[in-house]
Each structure stands twice: as C-alpha cells, then as structure tokens.
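What follows is one structure encoded as structure tokens, with my remarks underneath.
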Amino acid sequence: MVALVHWDRCGLIPATVSFNQRPFSRGGGRTLSGIERTTLTDLGYWEASLESIVVRTTDQRRTWNAIRTALRGRSGLVAVPAYEHVTAPYALTGGAHLTLPLVETLHSDDTPFSDETPYVQGAIAVTLAANVGIAETIVTLRLLEGEANLVGVRFSYQHALYETGPLIEVDGSDWTVPVFPAIRAPIPAGATLNFDRPTCLMHLADDAGMDIGLPMIDRVSRPTVEFVEAVDYFNDLAVGLA
Amino acid sequence: MADRTLAIAVEIPFPSRTIRLWDGAGSMLAGGFVWRGGGLFTGLDEIEMAMNGESAGFSVSLSNVSSDAARAAYQDYLADKLIGTPFIVHIQPRDQYHQPLGDMRVEFTGTIADFSVTERVDRGERGDVVTATISIEVINRMEFRNLPSGSVLSNADQQLEHPGDLGFERVPGLINKSISWPNYPNN
C-alpha cells in the first residue's frame with residue numbers, strides 16, 4: 001500500500017456531503033425527433049464533494065494544513081469518509097443519524113491487551129459470501145449483525161467504496177445485490193466489509209483544491225473540496241504495480 | 001439479455017511488455033488478462049474498414065498508461081523495435097449487469113507507424129493543467145498505397161519481379177536512342 005492520508009472525519013466536518021456516481025454513457029447525439037439512444041460502456045467512478053467544511057479552531061487549521069501537505073496536489077491519495085451514518089444498516093436504529101461508536105470488547109477475564117487496547121469491531125458485521133473478482137458487479141453479502149436490509153447501503157473494502165443497488169435475491173442471511181462501481185480489487189469470501197466507517201480512495205479534483213483563506217474578522221473558513229476516485233491506483237493494483 | 005452492453009479494449013503487444021487498456025474507469029478482467037481502465041482513446045472514432053482500398057490510418061492518444069509501461073514502450077522505441085507492433089482493438093460483450101460475458105472479439109488490427117510522447121499545457125480555471133499523453137499513429141496495410149514504391153521501369157526491377165522476363169531488356173538502350181519521326185521512306 002502506498003502512502004495515503006485519511007481525511008479527519010471528526011475534525012473537519014462538511015455541511016453537505018455528496019458522493020456521486022459518474023457513469024460512462026455513450027450516445028450518438030439527438031435525432032430530429034429529439035430522441036437519443038445511449039449506451040453504458042462502464043459503470044463509472046465516484047466523485048465527491050465536501051461542501052462548506054467548517055475550519056475554525058487552531059486544531060482544525062493545523063489538520064487542514066497537514067492533510068494538504070501530505071497530499072501534495074492532485075496526485076496524492078486520500079481516504080475520504082463516505083459519511084454513511086444515515087444509510088448504514090445499524091441493527092437497532094436502522095439508519096442512525098449519528099455514527100455509532102465502534103464496539104470494544106475485552107478478554108473473557110475483563111482484561112485488555114498488554115498495551116491497554118481492547119478488541120475493536122464495527123457495530124455492523126457483514127462478510128462476503130462468495131469471492132468476487134475485478135469488474136464483477138454483483139456481490140453476495142452475508143449479514144451477521146445489523147439491520148436486515150442491505151439495499152442502497154454503502155461499504156468499503158480496502159478503501160474501495162461500493163454502493164448496493166436493488167435486491168436480486170435473499171437466501172437466509174445472504175443478500176445478492178448489484179453494486180456501483182464495478183469491483184475494483186478482488187474481495188475474498190469471508191472478508192469483513194467496512195460498513196461502519198466506509199472510505200473511498202480519492203484524489204483532489206484539482207491542484208488548488210485545498211486552497212483556504214483566513215477571514216480576519218471571525219476566523220471561520222468554509223472551504224469546499226472536490227474529489228475524484230483514484231481509479232488509477234486501483235488499476236495499478238490490478239496489474240500488480242502498486 | 002436485451003440490455004447487453006459492449007466494452008472496447010485495446011491491446012498493444014510491445015516487444016517487452018503488452019499494454020492492455022479499455023474504455024472504462026476501473027480495471028476489467030476479460031480473456032484471462034487484466035485490462036487497465038481510464039485510458040480514453042481519443043482517435044478511435046476514426047476507425048474505418050479497408051473497404052475502398054483506402055489507407056485508413058489514425059492517431060490514438062493513450063492516457064493512464066503507467067510509467068512502467070510508458071518506459072517499456074520508450075525503450076522499445078529506442079531499440080527500434082516499436083514500429084510495426086500490432087495494435088488490436090477488441091470488443092468484449094457484457095451481460096445485463098455489465099459484467100464481462102463470453103469471449104472477446106477482435107474488431108480491428110493495425111500496425112504502429114509512429115509513436116510520440118506529448119506534453120501539453122492548458123489554461124485551467126484554477127491554474128495550468130499539464131497533460132502528458134502517448135500518441136500512436138496506427139496504419140493498416142493500405143497505407144502502402146500512399147507510399148511511392150521506389151521502383152522504376154528497368155530491367156533490374158523487372159528481373160526481381162519476374163525473373164527471366166525480357167520485356168525491359170532493351171530499356172537502357174532506349175535512353176540514348178534518337179527517334180526521328182515521322183520518317184517516311186519516300187521523303
């Protein structure tokens with residue numbers, strides 16, 4: 001894995017988050033009757049924008065500076081949180097309005113590990129029922145813990161973000177759903193998918209993407225950052241270069 | 001399977017490394033190989049059949065070629081092995097969920113005639129945007145119709161083409177022959 005930065009999901013909170021699909025449609029132009037036939041050549045890629053991020057405190061400004069120094073412009077890789085808490089299949093709430101904390105567990109005799117840390121796992125436990133390979137678009141998810149509805153939810157695996165579509169089949173706890181985008185990197189059967197805090201590996205949309213000013217009166221900046229999915233990284237990974 | 005879609009993929013078997021690209025975002029696993037996405041093939045729109053015997057060459061720019069592959073291609077170029085490399089366009093049918101289905105079909109095969117690395121600066125909204133691409137000039141065999149053949153009406157060329165034929169045997173002699181015409185006997 002190459003060096004990447006994680007966006008500070010708690011420190012730098014945007015007012016509006018949008019993760020949008022950008023499909024590859026090809027058309028031949030409109031006919032005289034105004035009709036156009038289009039063909040999908042690929043499911044596409046993610047584009048995200050974090051709008052009006054409140055940057056006010058010293059900590060927030062330092063975090064901002066640190067992230068952009070690490071990114072060094074458009075070529076840098078950043079794992080952007082998908083801010084999925086409204087759609088996440090939490091067992092109790094079925095779409096909480098807050099991100100539920102991770103579950104921390106101690107050993108059976110109530111002791112943590114030797115460095116004082118407990119076991120940590122997500123509040124949602126979903127694994128993959130069958131292997132999926134590159135460019136496949138259907139996955140079978142095995143729901144172990146969480147709300148029994150895996151339609152229209154987001155998850156990530158190794159920073160590749162996926163969004164599920166309408167249901168194809170349910171067999172017990174196995175949910176077969178289409179995903180957007182096409183699988184970027186192979187996921188083995190039994191792999192635990194990140195439903196609690198999914199992330200998407202992205203690039204800044206342009207080099208000046210993290211420009212920020214300092215208002216001298218109230219010192220609150222509200223910059224907007226645009227990202228595009230780092231498909232080049234996944235392509236390198238697929239041919240074994242990354 | 002009414003909703004079938006197609007994927008366009010390009011294969012360039014450079015001597016030291018085969019580059020495989022397709023017109024999508026992520027990678028595609030098809031025909032037993034991984035095809036890199038993100039390479040937008042501007043220029044592929046000009047593909048035409050060699051129907052009228054015309055030379056149907058075109059220029060393709062490849063983007064999202066990894067630096068490794070670009071370096072390999074450049075090494076081949078320096079070693080004079082790149083010109084003449086085939087350029088193969090495949091079509092991959094896909095199922096209703098846009099997953100590769102069935103075998104790839106070869107739609108077009110050309111030959112690489114030229115290769116150039118271009119770097120261009122455009123004025124963007126927020127600063128200059130530098131684009132680096134590899135451009136490849138692809139031709140088909142009809143291109144030879146555009147080239148002067150270099151042969152002349154001489155006995156040497158005729159012997160190469162048709163050994164033993166004497167049709168051009170006296171051509172060298174004709175160069176210095178003075179022709180007086182008309183030359184009627186009664187004059």
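Chain identifiers are assigned alphabetically (A, B, ...) following the order of the sequence lines, protein sequences preceding nucleic acid strands; residue numbering begins at 1 within each chain.
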Under a 4.5 Å heavy-atom cut-off, does chain B meet the side chain of [X], its backbone, both or neither?
X	answer
A:Ala238	both
A:Ile138	both
A:Thr39	side chain
A:Tyr45	both

Legend entry - Pair B:Arg36 + A:Asp236, salt bridge at N-O below 4.0 Å: yes

Legend entry - Option from B:His98, B:Arg94, B:Met28 for which side-chain contact (heavy atoms from CB on, under 4.5 Å) with A:Asp42 holds: B:Arg94

Contact summary for [X] and [Y], nearest pair of heavy atoms:
X	Y	value
A:Ala135	B:Ser27	CB-O, 3.6 Å
A:Ile134	B:Leu29	O-CB, 3.7 Å
B:Tyr97	A:Pro178	CD2-CB, 4.5 Å

Inset, instruction - Give a yes or no on whether the backbone of A:Glu136 and the side-chain of B:Gln99 come within a donor-acceptor separation of less than 3.5 Å. - result: no

Inset, instruction - For A:Asn20, look at atom CG and say whether over 12 heavy atoms of other residues, nucleotides or ligands are found less than 6.0 Å away. - result: yes

